[in-house]
Participant: 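Below: one structure in C-alpha cells.
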Amino acid sequence: MITLVTGATRSGKSEWAEHLALRSQKNVIYIATATRYQDDAEWEARLQKHSDRRPESWQVLEVPIDLAPTISELASNSSNYILVDSLGTWLANLLDKNEEEWAKIEHELLQVIQTCIVENELLHAVQGCIVDITFVAEEVGWGIVPAYELGRTFRDRLGGLSRKIGAIADAVYLVTGGYAVNLTKIGERLP
C-alpha cells in the first residue's frame, strides 16, 4: 500500500504518518531525508524532536539523496513498513540539479514506487506491492509565488512530485490543524 501524507508546517503530518506506521504492526524502517547541520542548533532540535517521538524498535536510515535505490532495496520484504519523512527535505537536497537531472531523479523514484522488484524480477505494480510505503510531503503552494527562482523551483518540483505520487497512492491524507482527512475517501482523483 502506498500512502501520501501531506500538510502544512506544524500540522501534524509526520505524527500522522508515524501513527499509520505504528498501526501497521510491521517492521518500520524510517527513512530520514534531512541533512544534518551541526552548526544549526534550531535545525538539530527539530530533528531531535522527531527522533524522540520514534519507538526505539524502528530502524532509522538517514538518506538525504539516494531515496529510490534505498526504497528499492527494502521493498521486497512484506514485513517492512517504509516511512519516508520527508519529500520536501529530500528535494531540497537536490535543488542544485538542473531540470533534466531532476526529471531523471524524479522518474527513478516514481518507477521504484510503481514497481516492486524482488530478485531483479517484476513482482507487482503499486496496487499489489508487498511492502507498505508512506511518504510525508510538505504543502508549499498555498502561499504567494516566491519572489526568487530557487523558491519557485522548490515549490513547483515538490507540488508536481506530490501530485504524481498522489495519483498512484492508495491513500492520500491532508493533515491540517491536527486533523487528518483521507482525501481518497472524500475527494475525486483528477483525470
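No hydrogens, no waters, no symmetry mates; every other heavy atom, side chains included, goes into these values. Values in this document were obtained by computation on a predicted structure and should not be read as measured data.
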Participant: Please examine the side chains of Arg155 and Val145, heavy atoms only from C-beta on, and report whether any two atoms are closer than 4.5 Å.
Facilitator: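 When only atoms from C-beta onward are counted, Arg155 and Val145 do touch, with a gap below 4.5 Å.
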
Participant: May I have the list of side-chain donor-acceptor pairs in residues 184-191 shorter than 3.5 Å, sequence neighbours left out?
Facilitator:
| residue | atom | partner | partner atom | Å |
| --- | --- | --- | --- | --- |
| Thr184 | OG1 | Asn182 | OD1 | 2.3 |
| Arg189 | NH1 | Ala167 | O | 3.1 |
| Arg189 | NH2 | Ala169 | O | 2.9 |

Participant: Which residue, Thr134, Thr33, Val136, Thr70, forms the side chain to side chain contact (heavy atoms under 4.5 Å, CB included) with Val84?
Facilitator: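 The residue from Thr134, Thr33, Val136, Thr70 that satisfies side chain to side chain contact (heavy atoms under 4.5 Å, CB included) with Val84 turns out to be Thr33.
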
Participant: Can you get from Leu61 to Leu83 by hopping between Ile, Leu, Val, Met, Phe, Trp and Tyr side chains that sit under 4.5 Å apart?
Facilitator: no

Participant: Can you tell if the side chain of Glu138 reaches within under 4.5 Å of the side chain of Thr9, non-hydrogen atoms only?
Facilitator: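 Result no, sub-4.5 Å side-chain heavy-atom pair not found.
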
Participant: For the CG atom of Leu183 and the CG atom of Leu174, what is their distance to the nearest 0.5 Å?
Facilitator: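 Leu183 atom CG to Leu174 atom CG measures 5.5 Å (nearest 0.5 Å).
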
Participant: Under 4.5 Å between any side-chain heavy atoms of Asn77 and Asn27, yes or no?
Facilitator: no

Participant: So, taking the atom named OG1 in Thr6 and the one named CG in Leu87, what distance separates them when rounded to the nearest 0.5 Å?
Facilitator: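 Rounded to the nearest 0.5 Å, the OG1-CG separation comes to 9.0 Å.
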
Participant: Mind checking side-chain hydrogen bond (donor to acceptor under 3.5 Å, both in side chains) for Lys104 and listing every partner two or more places apart, or none if nothing turns up?
Facilitator: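 Result, side-chain hydrogen bond (donor to acceptor under 3.5 Å, both in side chains) vs Lys104: none returned.
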
Participant: Ser162 side chain to Leu158 main-chain N or O, any donor-acceptor pair under 3.5 Å?
Facilitator: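 Yes; judged by distance alone, with no hydrogens or angles, the pair exists.
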
Participant: Surrounding CZ of Arg163 (heavy atoms of other residues, nucleotides or ligands, distance under 6.0 Å), is the total greater than 12?
Facilitator: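 No - once you tally the heavy atoms of other residues, nucleotides and ligands closer than 6.0 Å, there are 12 at most.
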
Participant: What I want to check is whether the side chains of Asp132 and Ser24 have a donor and an acceptor closer together than 3.5 Å.
Facilitator: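 There is no such pair between these side chains.
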
Participant: Among Ile, Leu, Val, Met, Phe, Trp and Tyr joined by side-chain contacts under 4.5 Å, find the other residues sharing a cluster with Leu47 and list them by chain and number.
Facilitator: Tyr37, Trp43

Participant: Strictly distance-based, threshold 3.5 Å: is any side-chain N or O of Ser79 a donor or acceptor partner for the main-chain N or O of Lys26?
Facilitator: no

Participant: How long is the gap from CG on Leu110 to CD1 on Ile168, to the nearest 0.5 Å?
Facilitator: 5.5 Å

Participant: More than 12 heavy atoms of other residues, nucleotides or ligands under 6.0 Å from CD of Glu42: is that the case?
Facilitator: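 Count over threshold, so yes.
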
Participant: Is the side chain of Ser11 donor-acceptor paired with the backbone N or O of Val175 at a distance under 3.5 Å, no angle test?
Facilitator: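 Here the side-chain-to-backbone pair exists.
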
Participant: Do Val63 and Leu94 belong to the same hydrophobic cluster, where Ile, Leu, Val, Met, Phe, Trp and Tyr are linked whenever their side-chain heavy atoms lie under 4.5 Å apart, directly or via other members?
Facilitator: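 Yes, same cluster.
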
Participant: Around atom CD of Gln48, are there more than 12 heavy atoms of other residues, nucleotides or ligands at under 6.0 Å?
Facilitator: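 Above 12, so yes.
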
Participant: Using the ring pair (Phe, Tyr, Trp, His ring centres under 6.0 Å) criterion, which residues pair with Trp16? Sequence neighbours excluded.
Facilitator: His19, Tyr173

Participant: Less than 4.5 Å apart, side chain to side chain, heavy atoms only: is that true for Ile82 and Val131?
Facilitator: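 Sidechains of Val131 and Ile82: in contact.
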
Participant: Return the minimal non-hydrogen interatomic distance between Glu108 and Ala68, and the atom names on each side.
Facilitator: CG-CB, 3.6 Å

Participant: Check whether any side-chain heavy atom of Glu106 sits under 4.5 Å from a side-chain heavy atom of Leu109, and report yes or no.
Facilitator: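 A side-chain contact under 4.5 Å is absent here.
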
Participant: For residues Leu74 and Ile133: do they belong to one hydrophobic cluster (side chain heavy atoms under 4.5 Å, members Ile, Leu, Val, Met, Phe, Trp, Tyr)?
Facilitator: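 Yes: a chain of side-chain contacts under 4.5 Å links Leu74 to Ile133.
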
Participant: Testing the basics here: between Pro64 and Thr35, what is the closest heavy-atom pair and its distance to 0.1 Å?
Facilitator: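 Taking Pro64 first and Thr35 second, the nearest heavy atoms are CB-OG1, 3.6 Å.
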
Participant: Under the criterion side chain to side chain contact (heavy atoms under 4.5 Å, CB included), which of Asp66, Ile65, Leu67, Ile71 is the partner of Pro69?
Facilitator: Asp66

Participant: Under the criterion side chain to side chain contact (heavy atoms under 4.5 Å, CB included), which of Leu161, Val5, Ile113 is the partner of Phe135?
Facilitator: Ile113

Participant: My understanding is that only residues two or more places apart in sequence, or in another chain, count here; which of them pass salt bridge (Lys or Arg N to Asp or Glu O under 4.0 Å) with Glu100?
Facilitator: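 Listed in chain order: nothing, the list is empty.
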
Participant: Fit a plane to each ring of Trp102 and Trp90, take the angle between them on a 0 to 90° scale, and name the class: parallel (under 30°), tilted (30 to 60°) or perpendicular (over 60°).
Facilitator: tilted

Participant: Determine the minimum heavy-atom distance between Ser14 and His50, stating which atoms define it.
Facilitator: OG-CE1, 3.2 Å

Participant: Quick one: side-chain contact (heavy atoms from CB on, under 4.5 Å) partners of Leu95, sequence neighbours excluded?
Facilitator: Leu91, Leu150, Thr153, Phe154, Arg157

Participant: How many angstroms lie between atom CD of Glu73 and atom CG of Asn80, to the nearest 0.5 angstrom?
Facilitator: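 The CD atom of Glu73 sits 11.5 Å away from the CG atom of Asn80.
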
Participant: Look up atom CD in Gln38 and atom CD in Glu44, then write down how far apart they are to the nearest 0.5 Å.
Facilitator: 4.5 Å

Participant: Quick check: is Leu22 connected to Leu20 through a chain of hydrophobic side chains (ILVMFWY, heavy atoms under 4.5 Å apart)?
Facilitator: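 Yes.
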
Participant: Given 3.5 Å as the limit, does a donor-acceptor pair link the side chain of Asp170 with the main chain of Ile2, or not?
Facilitator: yes

